[in-house]
Amino acid sequence: MNRRSFLKSSVAALPLASAAAAQPAWAQGADFKNDVDVLNFALIAEYFLSAFYREGSPMLSSKEGRYVSDIGADEDAHIAAITATVQDLGGTPTMAPAIDYGDVFNDRQRYLRFALRFENLFGGAYLGAAGQISNKEILQAAAGIYGTEERHAAVIADLLQEPVEGGVFNGALTQGADKRTVLRALRPFVKNPQTTTVEAAVTL
Amino acid sequence: MTQPRPFGGGPVMMFADDRSRRSFLKWAGLLGVGATLAAAGARSRFASAQGDEGDIGILNYALTLEYLEEDFYGRGADSGLLTGRAGELVAAIRDHETEHIAAIESTISDLGGSPVKKPKFSYPQGVFKDKQAWLETALDFSQLGVMAYHGQVQRIQSPELLGAAASIAGVESRHAAIIARLSGRNPFPAPIEQSASKSRVLKTVQPFVSG
C-alpha cells in the first residue's frame, strides 16, 4: 500500500492528530523499509533492555528486586516473540550486539535512573515506529509491548520518587521517539560500534 | 473484606494480580497467529468480529470510557481517601483523563461528528469510603481502559488518529501500573497489553451507567 497517498486522505488539523504529528517519527515513512525492519529495530532495543536487567543489580529492596526481575522477564519475552515473528515473516532476526554498560550496576539510584531512561526511550520508540507498521496484527503486538514499557517506566520512576508530573507521568500524551534518537542513545554502550548492526542502522 | 466487587469473577480481574497466571504461550501464540495470517495475506480475525462504526464511533466509545474514568478518579481524588503522594498520583491521573476528554471531544467535532454526552454514573455503595475498595475498583477501570484502547488498534482507520490513540493508551498503561502499585497488586500482569472488544467492555461498564 502506498502510505503517502493514504495519509493524504486523512485530516491534519485535529487536536489529537496534531499531537500525533508532533511526534518525530509518526507519519514519516523514511525510517523503515518494511515491517521486518521495524521489528528488527525493536529487537535491538529489547536486546539492550534484556542485557541491562540480566547483568544483575545493586542492592535493592525485595519489592524492587521483584519488580526488576519481572520487568527483565517481560523484555526476554519480547525478544522471543519478536524473533519468532521476524522468522515467520521470512526475515532474519538481527543479532544481539555486544553491550557494555560500565559500572552502572553498583549504585541503586544510578541503576534505576538508567533503567528509567531506557524504558522511557524505548516506549517512545515503539510509538514512533508504530505509524510505519503496515500489518495490523504486528501493530497490535507492538502496541501491546509499548504499553508494558510504559508501565515499567512509570513504576521505576515511582521507586525513584520522581516528580508525579515530569517523572512518573509525562503529560496526558506519550511522545514518540524516532529511530535515530534511539540508536544514538544506544551507541555509547555498544562494545564494537564499527562492526555491529546498531552502527549500521545509525548510518542508514 | 466483602466489599462488593464490581468486576468480581469477571474477565477483567483475570490478570489484575496474579503474575503466575501470565502465560507466555498464550500471548506469544497471539503474535504467532498474527504473523501467520499476515504471511497468508489473510485479514485480521478481529476485523470481522465486530461491527464497523468508523473512527467517530471509536472516538465516542473512547470518550465514554474517559468520562467514566475521570468521574471515578475525580471522586476518589476529592474523597480524601488518598493522601500524600498517592493523592498526588491520583489527581494527576484524573487531570490526564480530563485532557483526554477535551482532545477527543474536539476531534469528534472536527470530524463532523457529535460527541456523546457524559452519562450519569453510579458505583458500589461505600467505595469512596474504603481506600482499598476504591483502589481495586480503580485498578479494574484502568485495566479495562487499557484493554479497550488496545482492542481498537486494528479498527482505527486514520493513521493520525491511531497515533493519537496510541499516545493516550501509553498513558493509560502508566495509570494502570501506578494504581496497581498503590493497591498492592502486580503492576506488570503480562508482557504485552491485552485487549478487549467493545462489546465486552461496554457490557462490563454497563452496571455503572445509571442514565
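Throughout, protein chains are lettered first and strands after them, A, B, ... in sequence-line order, and every chain is numbered starting at 1.
- Looking at B/A91, there are no atoms closer than 4.5 Å to chain A (heavy atoms on both sides), in backbone or side chain.
- Between chain B and the residues A/E150, A/Q161, A/Q87, A/E75, the most heavy-atom pairs under 4.5 angstrom are made by A/E150.
- Per-residue counts of heavy-atom pairs under 4.5 Å with chain B were compared for A/G147, A/A154, A/G144; the largest is that of A/G144.
- For a residue to count as touching a neighbouring chain, one of its non-hydrogen atoms must lie under 4.5 Å from one of that chain's; by this rule B/I156 touches chain A with the backbone only.
- Contact count versus chain B (heavy atoms, under 4.5 Å) is highest, among A/H152, A/E149, A/K63, A/R66, for A/H152.
- For B/E70 and B/T98, the side-chain atoms include at least one donor-acceptor pair closer than 3.5 Å.
- Of the listed residues (A/V168, A/D158, A/V155, A/V86), the greatest number of heavy-atom pairs within a distance under 4.5 Å of chain B belongs to A/D158.
- Between B/L63 and B/Y67 there is a side-chain heavy-atom pair separated by less than 4.5 Å.
- No side-chain heavy atom of A/D100 sits under 4.5 Å from any side-chain heavy atom of A/F189.
- The greatest number of non-hydrogen atom pairs below 4.5 Å with chain A, out of B/E88, B/R85, B/H150, is found for B/R85.
- In terms of heavy-atom pairs under 4.5 angstrom with chain A, the leader among B/E172, B/R181, B/H175, B/E99 is B/R181.
- With a 4.5 Å cut-off on side-chain heavy atoms, A/Y146 and B/S173 do not count as touching.
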Full working for ring pair (Phe, Tyr, Trp, His ring centres under 6.0 Å) between B/Y123 and B/F128
CA-CA 9 Å; B/Y123 306 99; B/F128 298 108; 5.5 Å; yes
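- B/V90 pairs in a side chain to side chain contact (heavy atoms under 4.5 Å, CB included) with only one of the listed residues (B/D95, B/L82, B/I179), which is B/L82.
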